[in-house]
Structures are given as C-alpha cells and as structure tokens.
Amino acid sequence: PIGCQTFPYGKQIDTDFPGTMKMLSDAGIQSIELCSPWYSEHNFGFGSLNKITAAEFKRVLGDHGLRCFSSHVDMTELTPEKLGSTIAWAKERGLTQIMVPSLDGPRDPTMDQVKALADRYNAIGAESKKAGLQQGLHTEGFELSMVNGKRVFDVLFDLLDPQLVRFQFQMSTITSGLVAADYFTQHPNRFISMHLQDLDMNAPVAPPTPVPPGGRAGRGGRPSKPIGQGSIDWVKTFKAAKIGGVQNYFIEMNEPLMRASVPYLKTLTV
C-alpha cells in the first residue's frame with residue numbers, strides 16, 4: 001500500500017484528525033505511519049492523539065479506508081519506566097512496528113558509547129518482540145556521525161541483533177552519501193521500511209536554511225522533487241528493497257509534493 005509518514009501533518013492532526021485522514025485518503029494514501037504524542041513537546045503537533053481513544057482512532061481510519069501499523073516514538077518513551085506503557089499504547093491501536101528516529105547519542109561519540117546505546121536498544125527490541133512488536137531504527141542524526149573513522153549507522157549493523165531490530169531507511173540521506181539500493185543489497189533482510197523523498201542532486205547546493213513546516217527532504221541543500229521527478233532511481237531502489245527485506249514505505253513530504261508523488265507510485269512497475 002502507498003503509505004504516508006504523518007510528520008509533516010502533525011499540527012493539522014491536532015486541529016482536525018478526521019479531516020487530515022480524509023485529505024490523505026483522497027490523495028491516494030492507503031496507510032499511515034504515526035508520530036507519538038511525545039512529538040507535541042517539541043512543537044511538532046500530535047498532542048491530540050492523547051485525547052483520542054484507541055477505538056476512535058481505529059474508527060476514523062476505517063472511515064477513510066486507511067491502515068496504521070507503525071509509529072515513531074522517541075527513545076525517552078522506551079526507558080525501563082515507560083516501555084510498558086508505550087508498548088500498551090501501540091498494541092491498543094493495532095500497531096505492529098515501533099520506529100525510533102535516532103538512538104540520540106552524541107554527535108562525536110566514542111565506540112563505547114555507541115556499543116552502550118546498541119545494547120540498550122537490543123534490550124528494548126527483545127521486550128518489544130515478546131509483545132509482538134518489531135523495533136526499527138531510522139537513519140538520521142546521531143546515526144550519521146562518525147566513530148573510529150566509520151559512520152555510526154554502518155557500525156550498528158554489527159552491533160544490533162537482526163532478530164530484534166530492523167532499520168528504516170530515510171531516502172533524503174542520499175545528500176550524505178547513503179544510497180538506499182546499495183544498503184538494501186549489502187544488508188539483506190535488515191530493513192523493514194523506508195521514508196520516501198526525491199531530490200534534484202544535480203542542482204546547485206543551496207546554503208543551509210531552516211527546515212520549513214512539514215519539510216524534511218532537502219535538508220542537505222538539494223531541491224525537493226515529487227517522487228519520480230528527482231535523481232533517485234526508484235526502479236533500482238524498489239528492486240533492492242525486496243532484498244533488504246522492506247515491507248512497507250511511507251512518503252514523507254509536504255502535501256503538494258505528496259499529492260504529486262502518488263500517481264507515479266501507482267504506475268511504478270518493479
């Protein structure tokens with residue numbers, strides 16, 4: 001199913017959850033990935049999800065023909081004190097996947113720090129697995145930093161237990177040299193999902209600017225494009241995704257770019 005990560009629409013969800021779901025459905029979206037209510041503490045919206053019961057949440061999705069099986073949560077929601085309630089929150093809403101945006105380590109870590117964070121996340125993955133939930137790690141922030149001459153993301157493939165933790169690939173990290181098709185091929189069955197963005201990698205690099213509301217693609221200074229109109233080879237990406245073990249994908253762009261991307265994905269043949 002064509003999925004959408006709801007990060008760009010957190011404040012719309014706070015204002016009108018049913019209306020936002022209708023908008024996504026009308027655009028051709030078939031599944032959504034949530035961000036947890038914790039994101040409201042950082043002014044990203046989603047706080048209203050605390051006021052919506054699990055039954056109401058499922059009813060609204062059903063009214064608009066949408067499914068939801070994944071959500072982003074923060075590592076602060078997976079502490080020993082909070083892990084149980086986070087798992088319960090996910091299970092009540094019918095989720096099967098919990099993704100974390102980052103392990104939240106320092107930007108100049110030691111190997112011991114990386115190993116300690118990996119050990120912690122393996123333990124979280126083990127507890128989640130007991131409850132029938134798959135943990136997955138996103139590829140941004142701390143994971144793009146360097147340790148002992150290697151990217152932390154690359155080191156984590158050796159440190160995280162493939163039986164407990166999968167990865168979620170952020171396509172816009174191509175601006176940092178990460179090519180999804182290469183990672184999917186080199187690490188079979190280590191991934192579970194991906195966030196889709198497309199960028200014009202041939203355009204001049206713009207100076208850093210604040211990330212606009214709802215925008216995540218293009219942070220590397222490259223212009224964002226609708227899926228299929230930028231530089232990423234999507235046939236190669238989706239072929240390799242099968243090797244990587246990817247089960248689902250989510251467009252993560254603002255509304256105009258999302259709407260312009262759906263027709264291409266509907267006709268993409270791999």
| task | Apply ring pair (Phe, Tyr, Trp, His ring centres under 6.0 Å) to the pair Phe167 and Tyr183, showing each step before the final yes or no. | result | CA-CA 11 Å; Phe167 291 91; Tyr183 273 92; 9.0 Å; no

| note | Value for CH2 (Trp234) from CD1 (Ile227), rounded to nearest 0.5 Å, stands at 4.0 Å

| note | Output for pair (Leu66 CG, Met21 CE), nearest 0.5 Å, gives 7.0 Å

| query | Side chain of Arg222, backbone of Ala203: donor and acceptor closer than 3.5 Å? | reply | yes

| field | Donor-acceptor under 3.5 Å (Arg190 side chain, Phe157 main chain) | value | yes

| Side-chain donor/acceptor of Ser176 to backbone N/O of Leu178, under 3.5 Å | no

| message | Measuring only between side-chain heavy atoms, which start at C-beta, is Tyr39 closer than 4.5 Å to Pro101? | response | yes

| field | Donor-acceptor pair, side chain of Arg166 and main chain of Phe191, under 3.5 angstrom | value | yes

Show me, pair by pair, the donor-acceptor contacts under 3.5 angstrom made by side chains of residues 78-88, not counting sequence neighbours?
{"unit_1": "Thr79", "atom_1": "OG1", "unit_2": "Glu81", "atom_2": "OE1", "d": "3.3"}
{"unit_1": "Thr79", "atom_1": "OG1", "unit_2": "Lys82", "atom_2": "N", "d": "3.3"}
{"unit_1": "Ser85", "atom_1": "OG", "unit_2": "Lys82", "atom_2": "O", "d": "2.9"}
{"unit_1": "Thr86", "atom_1": "OG1", "unit_2": "Glu77", "atom_2": "O", "d": "2.6"}
{"unit_1": "Thr86", "atom_1": "OG1", "unit_2": "Lys82", "atom_2": "O", "d": "3.1"}

| Student check: side-chain heavy atoms of Lys266 and Ile2 closer than 4.5 Å | yes

| request: Flag the pair Arg59 and Asp63 as a salt bridge only when some basic side-chain nitrogen lies within less than 4.0 angstrom of an acidic carboxylate oxygen. | output: yes

| request: Rounded to the nearest 0.5 Å, what's the gap from CG on Asp104 to CD on Glu143? Could you check? | output: 8.0 Å

| Pair listing, salt bridge (Lys or Arg N to Asp or Glu O under 4.0 Å) test, anchored in residues 16-25, at least two apart | Lys22-Asp26

| query | Is there a donor in the side chain of Thr173 and an acceptor in the side chain of Glu140, or the other way round, less than 3.5 Å apart? | reply | no

| Can you list the residues that meet the ring-ring contact (aromatic ring centres under 6.0 Å, His included) rule with Phe238, with sequence neighbours excluded? | Tyr249

| Which heavy atom of Ser128 sits nearest a heavy atom of Gln135, and at what distance? | OG-NE2, 3.0 Å

| task | Fit a plane to each ring of Phe184 and Phe169, take the angle between them on a 0 to 90° scale, and name the class: parallel (under 30°), tilted (30 to 60°) or perpendicular (over 60°). | result | perpendicular

| query | Under the side-chain contact (heavy atoms from CB on, under 4.5 Å) criterion, do Met171 and Glu252 qualify, and how do the steps go? | reply | CA-CA 10 Å; Met171 295 299 299; Glu252 188 185 24; over 6 Å; no

| task | Please check if any side-chain donor atom of Gln134 sits under 3.5 Å from a side-chain acceptor atom of Gln247, or the reverse. | result | no

| request: Using a 4.5 Å cut-off on heavy atoms from C-beta on, say whether the side chain of Ser31 contacts that of Asn248. | output: no

| task | Give a yes or no on whether the backbone of Gly136 and the side-chain of Tyr121 come within a donor-acceptor separation of less than 3.5 Å. | result | yes

| said: So which atom in Lys11 and which in Asn43 form the shortest heavy-atom distance, rounded to 0.1 Å? | reply: CE-O, 3.0 Å

| task | Measure from the side-chain N and O atoms of Gln113 to the backbone N and O of Thr110, and report whether any donor-acceptor pair falls under 3.5 Å. | result | yes

| field | Asp198 vs Pro226 side-chain heavy atoms within contact, under 4.5 Å | value | no

| task | Could you tell me which non-hydrogen atom of Val147 sits nearest to which non-hydrogen atom of Val155, and how far apart they are? | result | CG1-CG2, 3.9 Å

| task | Would you indicate whether the side-chain heavy atoms of Phe7 and His72 approach each other to under 4.5 Å? | result | no

| message | Are Met258 and Met23 packed together at the side-chain level, in the sense that at least one heavy-atom pair is separated by less than 4.5 angstrom? | response | yes

| field | Arg93 versus Ile52, closest heavy-atom pair with distance | value | NH2-O, 3.5 Å

| query | Would you find a donor on one side and an acceptor on the other, under 3.5 Å apart, between the side chain of Thr185 and the backbone of Ala240? | reply | no

| task | Flag the pair Leu156 / Leu103 as yes when at least one side-chain heavy-atom distance between them is below 4.5 Å, and no otherwise. | result | yes

| Would Thr76 and Asp74 count as having a side-chain donor-acceptor pair, cut-off 3.5 Å? | yes

| Is a side-chain donor-acceptor pair under 3.5 Å present for Ser193 with Gln168? | yes

| task | For Asn122 and Asp161, indicate whether the former's side chain and the latter's backbone hold a donor-acceptor pair under 3.5 Å. | result | yes

| query | Within the distance-only criterion (no hydrogens, no angle test), does the side chain of Lys236 pair as donor or acceptor with the backbone N or O of Ala181 below 3.5 angstrom? | reply | no

| How many angstroms lie between atom CD of Glu33 and atom CD1 of Ile251, to the nearest 0.5 angstrom? | 12.5 Å

| OG1/Thr6 to CZ/Phe46 distance, rounded to the nearest 0.5 angstrom? | 3.5 Å

